[in-house]
Structures are given as structure tokens and as C-alpha cells.
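All residue numbers refer to positions in the sequence shown, counting from 1.
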Amino acid sequence: MTTRRSSLPILRMMARLIKAAPGWYLANVFLWTSIWVLPVIPALITQRFFDDLETVGFNPATLIALLLGYGTARLATMFVAMWNDVNFMFRISSTLRRNMLERIFDLPGAQSVKEAPGEVISRFREDVEHVEEATSMTVDLVGTALFGVIAASVLTAIDGQLTLLVFAPLLFMVVVAERAGTHIRRYRNAAREATERITGALGEMYGAVQSIKVAGVEKPMIEHFKKLNHERRKMMVRDKVLTATLESVFWNTLSIGTGLILIFAAGDIGRPDGLTVGEFALFVFFLDYVTDAGWFIGAFIARFKQAGVSFERMFGLLHSDDVRLLTERRELHLTGEMPAPTAIETKARLDLLEVDGLTFRYLGTPNGIEDVSLTLPRGSFTVVTGKIGSGKTTLLRTILGLVQREQGTVRWNGEAIEDLDDFFVPPRSAYTPQVPKLFSMSLRDNLLLGRADTDVELDAAIRSAALDRDVKHMPEGLDTLVGPLGMRLSGGQIQRTAAARMFVRDPELLVFDDLSSALDVDTEKTLWERLFAEHSESTALVVSHRRPALQRADQIIVLDSGRVVAAGKLEELLATSPEFRDLWETEAEGNGNGVAAAVESLRGSGRLG
């Protein structure tokens, strides 16, 4: 649950955002303040014209010329101001999005985003736009304040009571908008959450079209979507009705106030101590602009409250209340090419990787790993195995820093590593998760991801991943588009593409999470053979329950409920570990073979009593 924030932090966050583009903001203040204050000029000209109708040289033609000159100057100022405002808002929104993205990348990979994709998109899009708009509107607030001071000074010098009538509706609207703030926040938050659910549901349905069709649940899914859409419609209507109601109150209050002012002022014209025609014209001229200013102030207060909701939601995505994470000024690289990513200069040869007492538990659950220790010598092939839910994937993620360890030490060549997630990156290590992710671009681009490797290096990586025959049969070879999430490839091809992406980076440590789960026996055999033949110097840490991997392992780590319950070579574990024998038997039965033959073979050799 996010923490509710008062007005002061919101203003402070806006002030910090303004520092991301101070020159653009100051130009905005000057230009929009000029636009708000410029109407004072034609107002005074109009007053002078009606009070001195017979003054030589000040006739209607002169008035028209002056007003045309003023209009041209104001339009030119508005054009420049809008151009400047677009640039300012773009920099504000880019700063927010860049900082959110950087924070997500800084968090442990498997814990960085807990929200559904629809929620994340909504916060990067709608919430950023609300904050951007509210921050931009502060320049108008400066302009309206200065205009109000000037207008009040001029009008008060003419008639103080009428001036109070002019500004009374404005004060009333400020009070109404402030009192409605709680409802604005609640309704806007509910509308945003409903929109997130719709976006998330659409993304999930598009990503699972095949599963929906195979299960024959098209109608239930459509009904579910209709229900979500109905909830969103209710929330959006409630939010829009509140906004429209406030605007209606603002405009009607101003209209009533304007009518009263005209009635009182008109009755005062012609009296010895009453208003002159020019002064009455001045009041009427200012009324329109004071009305606009009043409506704007009410609207700004509403947008300000909504921006508070958006700030809360963005901080929820960051899993932090540190204002600097969201508002820090950054280099945006708006012109020219993006700088090259920071590369690790040395490969840092791996001679020995040691894991000692590693512990991690998922928040609020007993699930995870506890006090896991293991050693990986250079060139070794270590397989982690265990039942479903035993902590195999969690172990790999904790070693790589994709989740934040609670206890334990990881040493690279005897040196303890503090920031695991920053350290375990290519060319030190590379990781293929259980469900690899591909992007909607060519196979070549998916393998390189910005690298400048040659075709020779690509071909070698593709061969190591046993993907070479598949590429030859693709109509466009490496330039074949794989589609969203690699949907044009089979599950096995996706896994081997991810493996080739690892190999092209030539890492010291290869980490595979159930790489061969979607491969047939022959392809899996070929993949491991090529791994040993072509990457014999690399150290491999593999999660697998498949026999080809287990048979080639230098050591096997057996996990149960997050703890290491056995470790050793295949023959040793078959002889000493009931848990491993159960796993071996289950896998053997799945391949049409029983455990009996393996056990009898070991007994015959005297290795099993």
C-alpha cells in the first residue's frame, strides 16, 4: 500500500522536476506570464478611448490599429510559448520515465516489477502525463497571480466594492476545489486501477490466444473482459462526472458573479461620483480574463490533487519513497546517438566459484532456499535437481543477484562479491531462464542485442546451441522475424536461441535453467556434446532433471524444500540418496526406461550394496 502524501512533498517533487529543465521553465514563466498580463494593455487603451472620445488622433481607426498590434504580439508570444512548453513538458516526462526505468533496472531482476504489464504501462503513460501537465500549469499559476495583482490594483483604485465582487467567485472556487480534493484523489485512483486491469487483461489474452482457443474458453474470457470494462466504465464515469460537476460549479459561479457585477456597475454609470464609461468598459474587459483565471485556478487545484495520486502510484512502482529516485536530473541524450553501454574491460577468468550459506525467502512465505553451499571449479558441469518447488530456480536467481539474498557469501576466485546483480553479467556470466524472452525483431538482432559480432562468431554460437540446422531451413536465415515473444518459433527453438545468445558473449560462467525441457532426446544430446567440445573451459551451472545432463555432470546438487539434501556424482547419489533415486526413476519412466537396469548395473560393479 502506498503512503499518502501531503501538498508540501508534491510541491517539492515538482520543484525538483523543474530543475531537470530550468532554462525551459524560466522561459515558460516569462512567456506565459506575459500572455496573462498582456490583456492589461488593451484594457487601459479601451478605458482611455471611451473616456476621451474627442481626443485628437485617438479615433476608432487608431484604436483598431493599436488592438491589431497588440493581437499580433500576443499571438506571436503564444506561438513561442506553446513551442517552449512542449519542449519543457517533454523533458519532464522523459526525466520521469528514464528515472523509473533506471530504478527498475537497478532492482534485483526477479523482484523489480511485481505489477502486471497493464499497471506498469499505465504508470509510465497516464501517471507521467498527469504530473507533466500539473507541473506545466504552475507557470500559468504565476501568470494568473501577477495578473490578479495588477487587475486588483487597477480596479480597486476605481471601485473597491465592485473589485471584491469581481474576485469573490475566484475565492469561492478555490475553497470548493480544495474541499473536493479527497474525492478527486479517490475517484482518480479507482479509475486508474480499473484502466490497469483492462490493459493487463488485454495483454494476457493477446499473449495466450492459443491456450484460450485450445481450452475453448473464448466466451468466458470475453465475459470476464466485459466485466472488467463495466467496472472501468463506472469508475471513469464517476471520475468524469466529478470533474464536470466542479467545472460546472466554477463556470456558473463566475457567470452569476459576472451578471451581478454588470448590474451593479451599470447602475452606477452617469452618477457624479459613479463610474465613467471608460471605467465601466475596463471592468467589463477584465471580467472575462478574471473569469478565465478563476476557472484555471480551480482546474489547477484539481490537477494538483490528481498529480498527487500519480506520484503515489509511480513511487509504488519504484518500491521506495526516496524522492530523488524519481526526480533526479539526468542526461536525456535528446540529440545525437545514445552513448555505448558501459562494458566490462576484462573477462575476469573464473578458476573457482564458491557459494557459502546462501539464504533467500520470498516475502511472507517460507518458500525459498536456506543455507545452500556449493563449489564450482573451472570447467566443471554442475547440475541442480530436485522436485517441483524445491528451490532450483530460486538458487540460480539468488547466486546471480536476481533476488536479494538474506544471508550468505558468493566468492569469485576467493574474492567475496557484494553486488551480485552488477557482477554477474557478460562476459563474466550469462543466464538463460526457464522461459526465455525474445523480442519482436529478427533472429540476428535477438542474438546480438546491439553487439557488433561478425557472422563467423554468430555461426559458432548458433552451432554450439544446436540451432544451425533450424536456421538453414528458415526462409530468411538470420534475418527471419521471430514475431512477438518469438511466437513464430517452437519452444525448443526459443530455448536454443537464448542459448546461442549466451554463447555469442563467450562468458566464463554459463547458467542454464532447465534449458533442455523443450528439446527432444537427440537435440539435447547434440547440445550437451557441443557444449563440452566447444566450451570446455567454461564453467556450467545447470538446473535439469533430464538424464543426458545428469549423466554428464561432474557433480549433482539435490534440493528439497530449499535445502541441499545430497551432493555428488551420479553413481554415488543413486547408491546413497533416496530422494535422487526417486527423481531418477521418475525421469527414467518418462523416457520409457525403469530405474532397475541402472541399479542392477551399479550393483554388478559393486558400487551399490
Side-chain angles (χ1 to χ4, degrees), residues 2 10 13-14 16-21 24 86-136 192-193 195-196 199-200 202-203 207 307-344 397 400-404 419-426 431 433 436-441 445-446 448-451 484-485 501:
T2 54
I10 297 174
M13 287 184 283
M14 285 184 173
R16 289 183 60 88
L17 278 176
I18 289 168
K19 291 181 180 179
W24 294 95
V86 168
N87 279 276
F88 170 72
M89 290 196 296
F90 178 77
R91 283 160 174 77
I92 292 297
S93 60
S94 297
T95 297
L96 288 170
R97 292 183 176 116
R98 185 201 186 284
N99 287 343
M100 282 196 289
L101 194 61
E102 180 170 320
R103 171 61 175 172
I104 289 171
F105 286 154
D106 282 343
L107 289 169
Q111 297 174 290
S112 58
V113 178
K114 298 178 181 178
E115 292 78 4
E119 297 179 55
V120 177
I121 291 171
S122 177
R123 296 180 196 195
F124 268 83
R125 185 176 60 197
E126 283 87 357
D127 288 318
V128 167
E129 288 174 355
H130 275 287
V131 171
E132 163 200 303
E133 181 183 11
T135 305
S136 173
R192 285 282 165 266
E193 290 176 354
T195 301
E196 287 175 357
T199 309
L202 280 173
V309 174
S310 295
F311 269 125
E312 290 175 7
R313 287 159 48 81
M314 286 189 281
F315 276 109
L317 187 64
L318 304 185
H319 306 295
S320 172
D321 287 334
D322 190 346
V323 172
R324 292 170 298 178
L325 290 175
L326 188 62
T327 59
E328 192 72 21
R329 182 177 182 179
R330 306 283 189 180
E331 178 62 44
L332 298 178
H333 307 292
L334 299 179
T335 59
E337 296 183 358
M338 288 285 291
T342 303
I344 299 173
R397 288 179 171 182
L400 297 175
L402 297 177
V403 295
Q404 190 66 49
D419 298 321
L420 298 176
D421 55 332
D422 289 335
F423 185 87
F424 283 106
V425 294
Y431 170 57
K437 302 294 184 184
L438 300 185
F439 299 94
S440 183
M441 49 191 182
D445 290 335
N446 269 286
L448 294 175
L449 292 180
R451 290 173 61 92
L485 301 178
R501 187 161 60 194

If I take atom CZ from residue R123 and atom CE from residue M314, how far apart are they, to the nearest 0.5 angstrom? 10.0 Å

Applying ring pair (Phe, Tyr, Trp, His ring centres under 6.0 Å) to F88 and not counting sequence neighbours gives Y25

Are the side chain of R103 and the backbone N or O of L318 linked by a donor-acceptor pair below 3.5 Å? yes

Heavy atoms of R97 and F124 approach each other most closely as NE-O, 2.6 Å

What are the two closest heavy atoms between L107 and H319, and how far apart are they? CD1-CD2, 3.7 Å

Could you check L101 against R98 for side-chain contact (heavy atoms from CB on, under 4.5 Å), going step by step and ending with a plain yes or no? CA-CA 5 Å; L101 194 61; R98 185 201 186 284; 5.8 Å; no

If the condition is side chain to side chain contact (heavy atoms under 4.5 Å, CB included), which residues does N99 pass it with, not counting sequence neighbours? T95, E328, R330

In the structure I gave you, are the side-chain heavy atoms of W24 and I92 within less than 4.5 Å of one another anywhere? no

Heavy-atom pair of closest approach, residues P108 and G401: CB-O, 3.6 Å

What distance separates F105 CZ from M100 CE, expressed to the nearest 0.5 Å? 12.5 Å

The criterion is salt bridge (Lys or Arg N to Asp or Glu O under 4.0 Å); which residues satisfy it with D322, sequence neighbours excluded? R324

Pairing residues for E126 by the salt bridge (Lys or Arg N to Asp or Glu O under 4.0 Å) criterion, not counting sequence neighbours: none

Can you give me the closest heavy-atom contact between G308 and I10, atom names plus distance? CA-CD1, 3.4 Å

Those residues at least two apart in sequence (or on a different chain) that pass salt bridge (Lys or Arg N to Asp or Glu O under 4.0 Å) with R125 are none

Shortest non-hydrogen contact between V131 and S310, atoms and distance: CG2-CB, 3.8 Å

What residues, two or more places apart in sequence or in another chain, satisfy salt bridge (Lys or Arg N to Asp or Glu O under 4.0 Å) together with E129? none

From CA spacing to verdict: side-chain contact (heavy atoms from CB on, under 4.5 Å), L17, L326: CA-CA 9 Å; L17 278 176; L326 188 62; over 6 Å; no

Do D421 side-chain atoms and L402 backbone N/O form a donor-acceptor pair below 3.5 Å? no

Can you tell if the side chain of E312 reaches within under 4.5 Å of the side chain of D127, non-hydrogen atoms only? no

Between CE of M14 and OG1 of T327, what distance do you get to the nearest 0.5 Å? 12.0 Å

Could you go step by step and tell me if R501 and L438 meet the side-chain contact (heavy atoms from CB on, under 4.5 Å) rule? CA-CA 10 Å; R501 187 161 60 194; L438 300 185; 3.8 Å; yes

Counting N and O atoms only, with roles assigned by atom type, does the side chain of R313 sit under 3.5 Å from a partner on the main chain of V309, one being a donor and the other an acceptor? no

How far does CG of L96 sit from CZ of F311, to the nearest 0.5 angstrom? 6.5 Å

